[in-house]
Colleague: 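One structure, pasted below without further comment.
The analysis underlying the following values was restricted to heavy atoms, covering all of them including side chains, and did not include hydrogens, waters or symmetry mates. Since we're looking at a predicted model, the values are computed, not measured. Numbering starts at 1 and runs along the sequence shown.
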Amino acid sequence: MSDVLEQLAQVLEERKQAEPDSSYVARLYAKGLDSILKKIGEEATETVMAAKDGVPEKIIYEIADLWFHTMVLLAQQGLGPNDVLQELERRFGLSGLEEKASRGK
């Protein structure tokens, strides 16, 4: 599974150097952080709406869009999917309550 994420991360990294008119992702990078965050917000809302509709194909499609745009954010911030996977691995086996308490939230 992480092979796909790594391949996508590589493409997203390459698009940082591309001209804005050459790809959707290059255009998002050129527009900056606020545009990327706005897109994540839109995709999160569409994910919620798809879940409320209860159609599995819609849910998968919208979550794929959400993951994609969060990966654009990660790349824009100099991060990658392995950073998130390492954090999830760190949390594995912890109770959610313990993990939240360890962050002081």
Side-chain angles (χ1 to χ4, degrees):
M1 174 172 55
S2 64
D3 288 345
V4 171
L5 296 178
E6 280 303 315
Q7 290 171 3
L8 178 56
Q10 183 177 356
V11 170
L12 295 176
E13 197 62 35
E14 292 167 3
R15 298 285 157 80
K16 285 180 169 181
Q17 310 306 319
E19 292 297 319
D21 60 352
S22 69
S23 79
Y24 170 75
V25 172
R27 190 174 314 134
L28 265 180
Y29 286 142
K31 288 181 179 180
L33 180 61
D34 286 346
S35 289
I36 296 168
L37 295 174
K38 180 180 176 187
K39 196 62 188 165
I40 291 171
E42 290 171 7
E43 297 303 342
T45 300
E46 290 171 5
T47 298
V48 169
M49 292 168 35
K52 293 291 273 180
D53 289 345
V55 178
E57 295 82 9
K58 284 176 143 180
I59 296 167
I60 291 167
Y61 183 88
E62 295 302 341
I63 289 177
D65 281 352
L66 180 58
W67 284 15
F68 176 84
H69 287 91
T70 57
M71 289 202 46
V72 171
L73 173 64
L74 285 171
Q76 192 265 350
Q77 295 289 308
L79 301 167
N82 280 334
D83 297 304
V84 177
L85 293 173
Q86 287 173 359
E87 175 59 16
L88 289 172
E89 185 176 6
R90 183 192 70 79
R91 294 180 188 186
F92 196 80
L94 292 176
S95 105
L97 297 174
E98 289 172 3
E99 196 284 324
K100 190 170 183 180
S102 74
R103 293 183 283 148
K105 295 183 180 180

Colleague: Please assess Gln7 against Gln10 for the test side chain to side chain contact (heavy atoms under 4.5 Å, CB included), listing each intermediate value before the final yes or no.
Modeller: CA-CA 5 Å; Gln7 290 171 3; Gln10 183 177 356; 5.6 Å; no
Colleague: Compare all side-chain heavy atoms of Met49 with those of Thr45 and state whether any distance is below 4.5 angstrom.
Modeller: yes
Colleague: Could you check whether any side-chain heavy atom of Glu62 comes within less than 4.5 Å of a side-chain heavy atom of Val48, counting everything from C-beta outward?
Modeller: no
Colleague: Tyr29 side chain to Leu12 main-chain N or O, any donor-acceptor pair under 3.5 Å?
Modeller: yes
Colleague: Would a 4.5 Å heavy-atom cut-off, applied to side chains only, mark Leu66 and Ile40 as touching?
Modeller: yes
Colleague: In this structure, are over 12 heavy atoms from other groups packed under 6.0 Å from Tyr24 atom OH?
Modeller: yes
Colleague: How far apart are the closest heavy atoms of Met71 and Pro81, and which atoms are they?
Modeller: CE-CG, 3.9 Å
Colleague: Measure the CG-CD distance between Asp65 and Glu42 for me, rounded to the nearest 0.5 Å.
Modeller: 10.5 Å
Colleague: Run the side chain to side chain contact (heavy atoms under 4.5 Å, CB included) test on Thr47 and Trp67 for me, step by step, so that the C-alpha distance in whole Å, both residues' side-chain angles and the decisive distance to 0.1 Å come before the verdict.
Modeller: CA-CA 11 Å; Thr47 298; Trp67 284 15; over 6 Å; no
Colleague: Given side chains that start at C-beta, do those of His69 and Leu28 come closer than 4.5 Å, heavy atoms only?
Modeller: yes
Colleague: So, do Tyr61 and Val55 sit near enough that their side-chain heavy atoms are less than 4.5 Å apart?
Modeller: no
Colleague: Would you say that more than 12 heavy atoms from the other residues, nucleotides or ligands in this model lie under 6.0 Å from the NZ of Lys31, or not?
Modeller: no
Colleague: Is any side-chain heavy atom of Asn82 less than 4.5 Å from a side-chain heavy atom of Glu6?
Modeller: yes
Colleague: Would you indicate whether the side-chain heavy atoms of Asp83 and Leu74 approach each other to under 4.5 Å?
Modeller: no
